[in-house]
Amino acid sequence: MEPSVEIALTSIVLYSILALLCLLSVVFSYKDRHENGQYLIHQTFHVFLGLFLVCRIMWSALKMSGTPTDATFILNRLGFNLFFSAFTLVLFLWAESFHKSYIVSNQFLPRLKWGFIITNIVTYLIQFVLATFFLAGNSHFREGNPLYEMNIDIQIIIGFLVSSGFLVYGIRLYCLNANIDNQVAGNERRKELIKLFFVTVIFSICFFIRVAMFLYRPITKKFLNLYLFQTFAYYVPEIIPCLLQLYMIHTSKIKEQQASKFIDELYRTDEEELQAERESWAYSASAILPNQARYSGTQPGSYGSQTFITETGVEPPDAIPLSRTPSERSSLIKQGF
């Protein structure tokens, strides 16, 4: 079997497996979705990643012929741009997390949205112009063609900038979170810091490896082994970051579900305690003033709840609006509201 055919088949298998994992991640995210900024970012990443994988699978299938064509050139460049969009989204999310001055938001990158959009528009336009001029000429002549070499140079520059961006913001986020008092979050925060450190290192190394692979021929004037080039110029810098980001999305959804369940349990416990206090108060009031307490129907504005009125004019905790937060209601009960 020809090396080009072996590499093409391997690529189809690897990118198809990654596409299946991406689809499962989409289903999992949609099933337990919460309409907020984080959900929008996750879904946008899935869209870019899915389109990138479609391009890579088609590109690999066409490469089985062994002869580069205009279609393989277009699919390769389009795949690169979609991969760039997916991970500049992750990079801008990191930058947003570092620079944000708000607690939560339902918007898509509230501070850096236009920076992300403009960066991608400029990149797509440059790639489109270069590809158009290249294809308008002799597309069969690649290595040594100024337009083709310029296209490679732009990919090298972009890869270097993205890798540097992950390294810079990964370190800044690590330092920012490491300065928080250790007693605030304990072991869970330390685990998150360790994960952030490893993700930063892996992302940066993967993108730097791609830069090194594309720099090899211009510097040495020699071609790298085909299997080695395909592995370290495509598989490692593309598949590993994608797998890692899908894993991070999955773990973030699990933590979000656990946090939501914990909050629901807190509210349920608070409601049970409040109901017990009402019953205790009503029993005490009727025991102390058995002949003076009378039933007065419903209390307006308290969800149709029942109340007792005594000659002392004191109302039970049932009058406390249930729309308050658990901490507010508990404080009001303690104050004898």
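Index from 1, following the sequence.
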More than 12 heavy atoms of other groups within 6.0 Å of [X] [atom1]:
| X | atom1 | value |
| --- | --- | --- |
| M58 | CE | no |
| F197 | CZ | no |
| F98 | CZ | yes |

Are [X] and [Y] grouped together when hydrophobic residues (ILVMFWY) are joined by side-chain heavy atoms under 4.5 angstrom apart?
| X | Y | value |
| --- | --- | --- |
| V90 | L244 | yes |
| F133 | I154 | yes |
| I202 | I209 | yes |
| V162 | V201 | yes |
| L243 | F84 | yes |

So, do [X] and [Y] sit near enough that their side-chain heavy atoms are less than 4.5 Å apart?
| X | Y | answer |
| --- | --- | --- |
| L228 | Y216 | no |
| L246 | F45 | yes |
| T10 | Y235 | yes |
| H250 | L24 | no |
| I158 | F80 | yes |
| L78 | F128 | no |

Atom [atom1] in [X], atom [atom2] in [Y]: separation rounded to 0.5 Å?
| X | Y | atom1 | atom2 | value |
| --- | --- | --- | --- | --- |
| L40 | L89 | CG | CG | 10.5 Å |
| N81 | Q127 | CG | CD | 4.5 Å |
| L167 | R172 | CG | CZ | 12.0 Å |
| L130 | L125 | CG | CG | 11.0 Å |
| L23 | L49 | CG | CG | 11.0 Å |
| T231 | N225 | OG1 | CG | 8.5 Å |

Does Q155 form a side chain to side chain contact (heavy atoms under 4.5 Å, CB included) with V211? I'd like the steps, not just the answer. CA-CA 8 Å; Q155 290 191 23; V211 170; over 6 Å; no
Check R56 with E238, please: is the shortest side-chain N to carboxylate O separation under 4.0 Å? yes
How close do [X] and [Y] get, counting heavy atoms only, and between which atoms?
| X | Y | answer |
| --- | --- | --- |
| M213 | L224 | SD-CD2, 3.5 Å |
| Y124 | S85 | OH-OG, 2.9 Å |
| L112 | E96 | N-OE1, 3.1 Å |
| G50 | C22 | N-SG, 4.2 Å |
| I12 | I57 | CG1-O, 4.2 Å |
| L18 | C242 | CD2-CB, 3.7 Å |

Flag the pair F229 / F223 as yes when their ring centroid distance falls below 6.0 Å, and as no otherwise. no
Between F83 and F87, does the ring centre distance come in under 6.0 Å? yes
Would F166 and T200 satisfy side chain to side chain contact (heavy atoms under 4.5 Å, CB included), going step by step from the backbone distance to the final call? CA-CA 6 Å; F166 275 115; T200 300; 5.6 Å; no
Does F214 form a side chain to side chain contact (heavy atoms under 4.5 Å, CB included) with D153? I'd like the steps, not just the answer. CA-CA 8 Å; F214 281 106; D153 293 339; over 6 Å; no
Sorted by first residue and then second, give each side chain to side chain donor-acceptor pair (under 3.5 Å) pair with at least one member in residues 161-171; sequence neighbours left out. H99-Y169
For H46 and S25, test the side chains for any donor-to-acceptor distance below 3.5 angstrom and give the result as yes or no. yes
Determine the interplanar angle of the F73 and F134 rings, folded into 0 to 90°, and report it as parallel if under 30°, tilted if 30 to 60°, perpendicular if over 60°. tilted
Test log, rule side chain to side chain contact (heavy atoms under 4.5 Å, CB included), inputs F116 and L91: CA-CA 9 Å; F116 168 75; L91 179 57; over 6 Å; no
Among Y15, F52, Y234, the one residue meeting ring pair (Phe, Tyr, Trp, His ring centres under 6.0 Å) with W59: Y234
